[in-house]
Amino acid sequence: MRLILLGAPGAGKGTQAEILAKELNIPVISTGEIIRNALREQTPLGIKAKKYIDDGLLVPDKVVIEIMQERLNEDDCSNGFILDGFPRTVPQADALEEMNIAIDKVLAIEVPEQRIINRISGRRQCSKCGATYHLEYKPSKVLDVCDLCGGGLIIRTDDAPETVKNRLDVYREQTEPLKEYYNGKGLLSIAYGQEEIEDTTKEVFKALGVGA
Ligand code: AMP
């Protein structure tokens, strides 16, 4: 299955992508994670991307498209993949189409904006390995310590309230039109995000026809 997940920041794309990846045995490709890793490692991409991420803006299409052209050609993508955070603009969607990789489904996860803002305020991420947590919905066993590697948990700089507002504006203006784009191609399904992770997973599986 070659799947695209759409949804506002904080809609639960990353969490559901991880669960789906285990169920379907295919990798998650998250452009946000690729960029954040580059930032941690201070690579040229990370240095270039920093100002955009910090302001809650999108990294230029050209940069992201080049990264994805390489990444989607790697061996682990040959049996399918889940795209979390790409494409995020119509030019990126056009570029993906030009890569001649047929997408099977596009799933939009819908969550009301007020709930998104509440959710983002509880998000935490491991400063070492990037694992994600949530104070309420997916807490670590020990407060502020990563279950997987023992690293310290931090708040993503772009999860600060002023930046989140920009990210939501950017989502509405640049990414939301992709729902129409893919609906026009007959690929779009919708899942409604619920309070609890497992309940959202049920909606996601149902919308995709996955699982028991
Ligand atoms: P995310 O983790 O998906 O919320 O992404 C975090 C940040 O990475 C975004 O706010 C953008 O600055 C950048 N980013 C991630 N994916 C893309 C993309 N497809 N196009 C442009 N910028 C992106």
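Numbering of ligands and ligand atoms starts at 1, following listing order. Numbers here simply count residues along the sequence, with the first being 1.
- Salt-bridge check for K138 with E196: failed, with every basic side-chain N at 4.0 Å or more from each acidic carboxylate O.
- Using a 4.0 Å cut-off between charged nitrogen and carboxylate oxygen, K62 and E66 count as a salt-bridge pair.
- For atom 1 (P) of ligand 1, the nearest non-hydrogen atom from the set K13, K50, Q92, R88 comes from R88.
- Taking 4.0 Å as the cut-off between side-chain N and carboxylate O, D61 and R88 do not count as a salt-bridged pair.
- Put simply, the residue from K13, R115, K179 that forms a salt bridge (Lys or Arg N to Asp or Glu O under 4.0 Å) with E110 is K179.
- Under 4.0 Å from ligand 1, not a single heavy atom of E33 appears.
- Residue Q174 does not touch ligand 1, judged by heavy-atom distances below 4.0 Å.
- Atom 13 (C) of ligand 1 has as its closest protein heavy atom I35 CD1, 3.8 Å.
- Shortest non-hydrogen contact noted between I4 and P87 is CD1-CD, 3.7 Å.
- What sits closest to atom 10 (O) of ligand 1 on the protein, heavy atoms only, is R167 NE, 3.9 Å.
- Considering only non-hydrogen protein atoms, atom 16 (N) of ligand 1 sits nearest to T31 OG1, 2.7 Å.
- Residues I53 and I35 form a side-chain contact, since some pair of their non-hydrogen atoms from C-beta on lies under 4.5 Å apart.
- The shortest contact between atom 12 (O) of ligand 1 and any protein heavy atom is with L57 O, 2.6 Å.
- Residue nearest to atom 22 (N) of ligand 1, selected from V59, I53, D61, T132: V59 (by heavy-atom distance).
- Taking a 4.0 Å cut-off on heavy atoms, R36 registers as neighbouring ligand 1.
- Every atom of ligand 1 is numbered from 1 in the order shown, and the set under 4.0 Å from a heavy atom of R156 is 1 (P), 2 (O), 4 (O), 6 (C).
- Proximity of V64 to ligand 1, defined as any heavy-atom pair under 4.0 Å, is confined to the side chain (atoms from C-beta onward).
- Taking a cutoff of 4.0 Å between a charged side-chain nitrogen and a carboxylate oxygen, D159 and R123 qualify as a salt bridge.
- Between E162 and K165 no salt bridge is recorded (no basic side-chain N to carboxylate O distance below 4.0 Å).
- Nearest protein heavy-atom contact of atom 19 (N) of ligand 1 is G85 O, 2.8 Å.
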